[in-house]
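Report on one structure; see the data block that follows.
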Amino acid sequence: MAEQVKAVVTPGDAELPSSLLQREDGIYFRADAKGVACQAAINQVFLSNGYFSGLDYAVFIRVLYDAGAELPAALKGRELVRFADTILPFHAQRRELYKSVRIINGEAEYYFEPVFFQVPDMPPTQARLNFDEFVADMWVKGIRFGIDAPAVKATIASGRVVRLIAARRLNATPGRDAAIVEVAQNIHRSNAPREMANGRFDLHTFQNRFPQMPAHVRLLRKVPSMPGIRGYELSGIVLEPPPPRDIDLVAMAGPGTAVDEANGVQFLVSTTEGFLSIDGSKRISIGPKIISREGVSVRTTGNLQLTGEYEEFGEVQEQRSVDGGSITIHGDVFGHINSRGGTISLRRNLMGGAAMNVDGDIDVKGVASAAVVQTRKGVVTLHRAESCVITGTRVVIGEASNCDIMADEVEIKVAEGCTVAARRIAIGSAGPRKQSEMLLFPLVPDTAKYDKAIAELEEKAARHGAVAARVKGEIDAITTEPDVRNYLTLATRVRKREVMLTPEQLALFQKMAVQVGPALRTVGKLSLGAKEALAEQAKVQDMVAQVRQRKRDLVGQGACKVGVVSGDTVVRTMEFIPEQGAPYDHPARDVKARLRASAPRSAPLFAGASGTVDWTAAGGMAPPPMPPEA
């Protein structure tokens, strides 16, 4: 038997495969051989009825499949890896000792029991199993990976009868997905109640809903993904782990941010100062505008008091307010929008809330219903308005019903049951709506101040004219005296060279001049006073003309035109005092009360159920069109 143990069996007594090396001290894998080549070599030995004696199964599996425990430190980095003592023949008689296995759900079950040699004409002889042969037999039967070497060896050594899970599949180990870690501390929102100046807390307002970031600050850090570990079926087939998900930090960088890499680690950094926002595609941006997608409610943001531009893609719920500048809302608005300036742009509906702008326009793309829309200085543009109070420098509405409107200029395509007061009114079609009548009030300025100024200036001009007339009478009285009249007549003819005086006549003329000299000096003084009075009169008359022109300019801006009157409509003038500011710059309740006052303010300019209206402050009501000739 000793000679049989030392014998070496190779396929057909040929050379070992190139990936294996047999030396006196054992069997080696070549370290530079690939796992596939080593598997083919092992397969060739086992199929040639050989097995590896003194097999180190852990090293054996590690080299073949790069799985299991790490190689011992003494074997790492070597050109050869020892895994067995020698190769011995696996005789058919010994192979018959090993039974088949049962494979269920990746587990190979083997029934260990006493085994016997069957020799003809002799009683059966008990035999012992061998782990090295077991590995070779399992390989041929398709179990090429996952044998539980310690359990199998212990069972064989004890000789117990047991049903054992001799081999198990190695499932693939998933890797680690790439992740994003927040670096900046103030990137987090603070939903704590805002503390007011008096020390109390406003439970309707959050402390820091929209973080503001400085420039050149690291915001996020990317944690790279880690690949998983391969698994193996019992047959040695590879089970690949699912690929880990990666994160493209560059794709997350929006305007105002950039990707910076330091020591192989990627960071998302801010490139400018501003408010941080995240859009639907998870892109992070920093800019002067605040962008929100969660809506304004008690649950999400509370009331908002903002310092920059604001864009909201959700709804603004009732009893919630948004204070800022240049506010854009993409959802329905049920609360209050207050802007310090810029433009309020509501892309959908304004239902029961309010939109108020101190200095800027208001644009509602949808329907405004039971709402207040006011701007002190700007244009209000509405697609459709129902039961609203609307004021502004200029109001443009497609369809308006049961609304109270006051502005400098109003333009409506279709108006029903509205009360409209403006300097200039232009309506395509106007008529009542149910119980609400159609009232139009062209605003005309109170000109009492101008009338008073004109009267005072005219009186002043008359006084200067009276002074000039009185002085002229005094001059006439002096110049009609005979001596003065004769001298002035002669002096005029001498000056014009109509009369040539002799020396004797010249002496008499000079004597006459001496005699009338005091009277002439008095006339000169009076003439100067008359000129001054006439100049003051002309100056005051110019002032009167300027005041009259300002009055005409102020009054002449008024106009009211209705293309089609489709029901009971009344047009009356309404006075306003220009010195008190814009007539529409008042709270909504005051505007509504003034427009809906029942007492008529003046005689109607128009009252009818059909026809057209064409009134101007300068020219009055235009005559109705002539009926067509029969």
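This structure is a prediction, so every number in the text was calculated from the model and none was measured.
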Distance-only donor-acceptor hits, side chain of residues 235-255, under 3.5 Å, sequence neighbours excluded:
from, atom 1, to, atom 2, distance (Å)
Glu240, OE2, Arg230, NE, 3.0
Glu240, OE2, Arg230, NH2, 3.2
Arg245, NE, Asp177, OD2, 3.3
Arg245, NH2, Asp177, OD2, 3.3
Asp246, OD1, Lys222, NZ, 3.1
Asp248, OD1, Val250, N, 3.2

> For Ser345, what residues pass the side-chain hydrogen bond (donor to acceptor under 3.5 Å, both in side chains) criterion, not counting sequence neighbours?
Replying inline: Arg347
> Can you check whether Asn338 reaches Val322 side chain to side chain, under 4.5 Å on heavy atoms?
Replying inline: no
>> Given 3.5 Å as the limit, does a donor-acceptor pair link the side chain of Thr271 with the main chain of Ala258, or not?
In response: no
>> Tell me if a side-chain donor or acceptor on Thr393 pairs with a main-chain N or O of Gly378 at a distance below 3.5 Å.
In response: yes
> Run the salt bridge (charged side-chain N to carboxylate O under 4.0 Å, His left out) check on Glu315 and Arg348 step by step: do they pass?
Replying inline: CA-CA 10 Å; Glu315 294 183 352; Arg348 295 192 66 183; 5.4 Å; no
> Counting only heavy atoms not in Met543, do more than 12 sit closer than 6.0 Å to its CE atom?
Replying inline: no
>> To the nearest 0.5 Å, what is the distance between CG on Asp323 and CE on Met356?
In response: 11.0 Å
> Using the ring of each side chain (for Trp, its six-membered ring), is Phe145 parallel, tilted or perpendicular to Tyr232, with breaks at 30° and 60°?
Replying inline: tilted
> Looking only at heavy atoms, which two atoms of Ala588 and Val389 are closest? And how far apart?
Replying inline: CB-CG1, 3.8 Å
>> Can you confirm whether Cys388 sits close enough to Val372 that some side-chain heavy atom of one is under 4.5 Å from a side-chain heavy atom of the other?
In response: no
> Going by atom types alone, do Ser339 and Tyr310 pair a side-chain donor with an acceptor below 3.5 Å?
Replying inline: no
> Got a second to check how far Ile229's CD1 is from Thr173's OG1, nearest 0.5 Å?
Replying inline: 4.5 Å
> Do you know which two heavy atoms are closest between Val562 and Ala430, and how far apart they sit?
Replying inline: CG1-CB, 3.8 Å
>> Is there a side chain to side chain contact (heavy atoms under 4.5 Å, CB included) between Leu350 and Val373? Walk through the geometry before answering.
In response: CA-CA 9 Å; Leu350 176 62; Val373 183; 3.7 Å; yes
> So do the side chains of Ile286 and Leu219 get within less than 4.5 Å of each other, counting heavy atoms only?
Replying inline: yes
> For residues 364-384, which residue pairs qualify under side chain to side chain donor-acceptor pair (under 3.5 Å), counting only residues two or more places apart or in two chains?
Replying inline: Asp363-Lys365, Gln374-Thr391, Arg384-Glu386
>> Run the ring-ring contact (aromatic ring centres under 6.0 Å, His included) test against His216 and tell me which residues pass, sequence neighbours left out.
In response: none
>> I'd like to know whether Tyr584 forms a side chain to side chain contact (heavy atoms under 4.5 Å, CB included) with Ile405, so could you lay out the CA-CA distance, the side-chain angles of the two residues, the decisive distance to 0.1 Å, and finally the verdict.
In response: CA-CA 9 Å; Tyr584 56 82; Ile405 305 168; over 6 Å; no
>> Using 0.5 Å steps for rounding, measure from the CD1 atom of Ile390 to the CG atom of Asp404.
In response: 9.0 Å
>> Minimum heavy-atom separation for Gly392 and Val395, please, with both atom names.
In response: N-CG2, 4.2 Å
> Any side-chain heavy-atom pair from Ile329 and Val316 closer than 4.5 angstrom?
Replying inline: yes
> In Å and rounded to the nearest 0.5 Å, what is the CZ to CD1 distance from Arg320 to Ile337?
Replying inline: 12.0 Å
>> Can you give me the closest heavy-atom contact between Gly417 and Met438, atom names plus distance?
In response: N-SD, 3.7 Å
>> Are the side chains of Arg594 and Met406 in contact, using a 4.5 Å heavy-atom criterion?
In response: yes
> Atom CZ in Arg169, atom CD1 in Ile103: separation rounded to 0.5 Å?
Replying inline: 11.0 Å
> How far apart are the C-alpha atoms of Glu575 and Leu443, what are their side-chain angles, what is the distance that settles it, and do they pass the side chain to side chain contact (heavy atoms under 4.5 Å, CB included) test?
Replying inline: CA-CA 6 Å; Glu575 283 192 349; Leu443 293 175; over 6 Å; no
> With a 4.5 Å heavy-atom cut-off, do Ile427 and Ile425 have their side chains touching?
Replying inline: yes
> At their closest point, which heavy atom of Ala400 faces which heavy atom of Ile412, and how far apart are they?
Replying inline: CB-CG2, 4.2 Å
> Can you find a pair of side-chain heavy atoms, one from Asn349 and one from Phe334, that are under 4.5 Å apart?
Replying inline: no
> Excluding sequence neighbours, so at least two apart, what forms side-chain hydrogen bond (donor to acceptor under 3.5 Å, both in side chains) with Ser387?
Replying inline: Asn402
>> Taking the six-membered ring of Phe441 as reference, does the cationic atom of Arg572 (NZ for Lys, CZ for Arg) lie under 6.0 Å from its centre and within 45° of its axis?
In response: no
> Would you call Ile344 and Asn357 a side-chain contact if the rule is heavy atoms closer than 4.5 Å?
Replying inline: yes
> Has the side chain of Ser436 got a donor or acceptor atom that lies under 3.5 Å from a matching backbone atom of Lys434?
Replying inline: no
>> Any side-chain to backbone donor/acceptor pair from Thr343 onto Ser326? Under 3.5 Å, distance only.
In response: no
>> Quick one, Val571 with Leu439, criterion side chain to side chain contact (heavy atoms under 4.5 Å, CB included). Give me CA distance, side-chain angles, the key distance, then yes/no.
In response: CA-CA 6 Å; Val571 181; Leu439 300 177; over 6 Å; no
> Under 3.5 Å, is there a donor-acceptor pair between the side chain of Thr612 and the main chain of Gly563?
Replying inline: no
>> Working note: His336 + Gln319, criterion side chain to side chain donor-acceptor pair (under 3.5 Å); need CA distance, chi angles, decisive distance, verdict.
In response: CA-CA 7 Å; His336 298 266; Gln319 300 182 355; over 6 Å; no
> What distance do Arg423 atom CZ and Glu409 atom CD have between them, rounded to the nearest 0.5 Å?
Replying inline: 11.0 Å
> Quick one: side-chain hydrogen bond (donor to acceptor under 3.5 Å, both in side chains) partners of Glu416, sequence neighbours excluded?
Replying inline: Arg433
> For Pro432 and Ser566, which heavy atoms make the closest approach, and how far apart are they?
Replying inline: CD-O, 4.5 Å
